[in-house]
A.B. asks: 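Submitted below is the structure of interest, expressed as structure tokens.
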Amino acid sequence: MHRFVIRAALAAVAALALGGAALAAGSPDKGKAAFIKHGCFQCHGTVGQGSVVTSLGKVLYDTELPLEAFIAFVRGTNRAMPPYSDKILSDADLTDIHAYLTSLPKPADYKTIPLLNQP
């Protein structure tokens, strides 16, 4: 009986780990579509660049939030933005949006833009 309980527990942990890994992968293409569909771009810009007016300049393209923290923030944003329940954005949608945001290239350093470095 003891071995059965241990095996069942290990199987449950493995299933959770595999499910979490599948969830963490996400699809940047689906994420971009969800980002646009659900209006995220209206405050955060189409490539997560943020806006001083609508998101106090909050840049999302370089998010370092782990997926779980990203989902938790979107669910209960502490009034920084409207919270999105799982009825509006599923965990799968948010996983895809996170994948989209983390897939975006970082902008060039301003020092590499000649026009911005003229005396």
Side-chain angles (χ1 to χ4, degrees):
M1 180 69 173
H2 180 67
R3 286 186 184 172
F4 174 76
V5 171
I6 291 174
R7 286 184 186 162
L10 288 174
V13 168
L16 286 173
L18 289 175
L23 186 68
S27 165
D29 291 335
K30 288 180 182 178
K32 181 178 181 179
F35 192 79
I36 300 301
K37 175 184 175 185
H38 294 284
C40 306
F41 76 94
Q42 293 173 340
C43 293
H44 298 290
T46 56
V47 290
Q49 75 271 23
S51 165
V52 174
V53 174
T54 59
S55 64
L56 300 177
K58 180 63 179 159
V59 173
L60 298 179
Y61 65 78
D62 66 347
T63 185
E64 294 182 6
L65 280 177
L67 176 61
E68 295 78 15
F70 177 77
I71 291 173
F73 179 80
V74 173
R75 295 277 182 251
T77 63
N78 196 18
R79 294 187 284 175
M81 68 179 211
Y84 288 85
S85 74
D86 58 354
K87 293 177 183 170
I88 298 170
L89 280 169
S90 68
D91 285 353
D93 287 334
L94 289 174
T95 299
D96 292 337
I97 290 171
H98 188 267
Y100 168 62
L101 293 172
T102 57
S103 76
L104 294 170
K106 308 301 180 250
D109 185 335
Y110 76 90
K111 294 175 187 173
T112 66
I113 302 172
L115 184 62
L116 297 178
N117 290 295
Q118 293 178 354

A.B. asks: Decide yes or no for Leu94 and Arg75: does some side-chain heavy atom of the first lie under 4.5 Å from some side-chain heavy atom of the second?
C.D. replies: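 Sidechains of Arg75 and Leu94: in contact.
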A.B. asks: Could you tell me the separation between the CZ atom of Phe70 and the CG atom of Leu60, rounded to the nearest 0.5 Å?
C.D. replies: 7.0 Å
A.B. asks: Is there side-chain contact between Val74 and Ile97, with heavy atoms separated by less than 4.5 Å?
C.D. replies: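 SC-SC contact between Val74 and Ile97 ruled out.
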A.B. asks: Could you report the tightest heavy-atom contact between Pro28 and Gly26, atom names first, then the distance?
C.D. replies: CD-O, 3.8 Å
A.B. asks: So, taking the atom named CG in Asp93 and the one named NZ in Lys37, what distance separates them when rounded to the nearest 0.5 Å?
C.D. replies: 7.0 Å
A.B. asks: Supply the atom-to-atom distance Cys40 SG to Leu89 CG, rounded to the nearest 0.5 angstrom.
C.D. replies: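 Reported to 0.5 Å precision, the distance equals 6.0 Å.
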A.B. asks: Roughly how far, to the nearest 0.5 Å, is the NE2 atom of His98 from the CG atom of Leu65?
C.D. replies: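 Spacing of CG (Leu65) from NE2 (His98) equals 6.5 Å.
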A.B. asks: Determine whether Ile71 and Thr95 make a side-chain contact, defined as any pair of heavy atoms from C-beta on separated by less than 4.5 Å.
C.D. replies: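 Side-chain contact under 4.5 Å: yes.
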A.B. asks: CG/Asp96 to NZ/Lys32 distance, rounded to the nearest 0.5 angstrom?
C.D. replies: 14.0 Å
A.B. asks: If you compare all heavy atoms of Thr46 against all heavy atoms of Phe35, which two are closest, and at what distance to 0.1 Å?
C.D. replies: O-CE2, 4.1 Å
A.B. asks: Can you check whether Leu115 reaches Tyr110 side chain to side chain, under 4.5 Å on heavy atoms?
C.D. replies: no
A.B. asks: Does Lys111, at its NZ atom, have more than 12 non-hydrogen atoms belonging to other residues, nucleotides or ligands within less than 6.0 Å?
C.D. replies: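 Result for NZ/Lys111: open.
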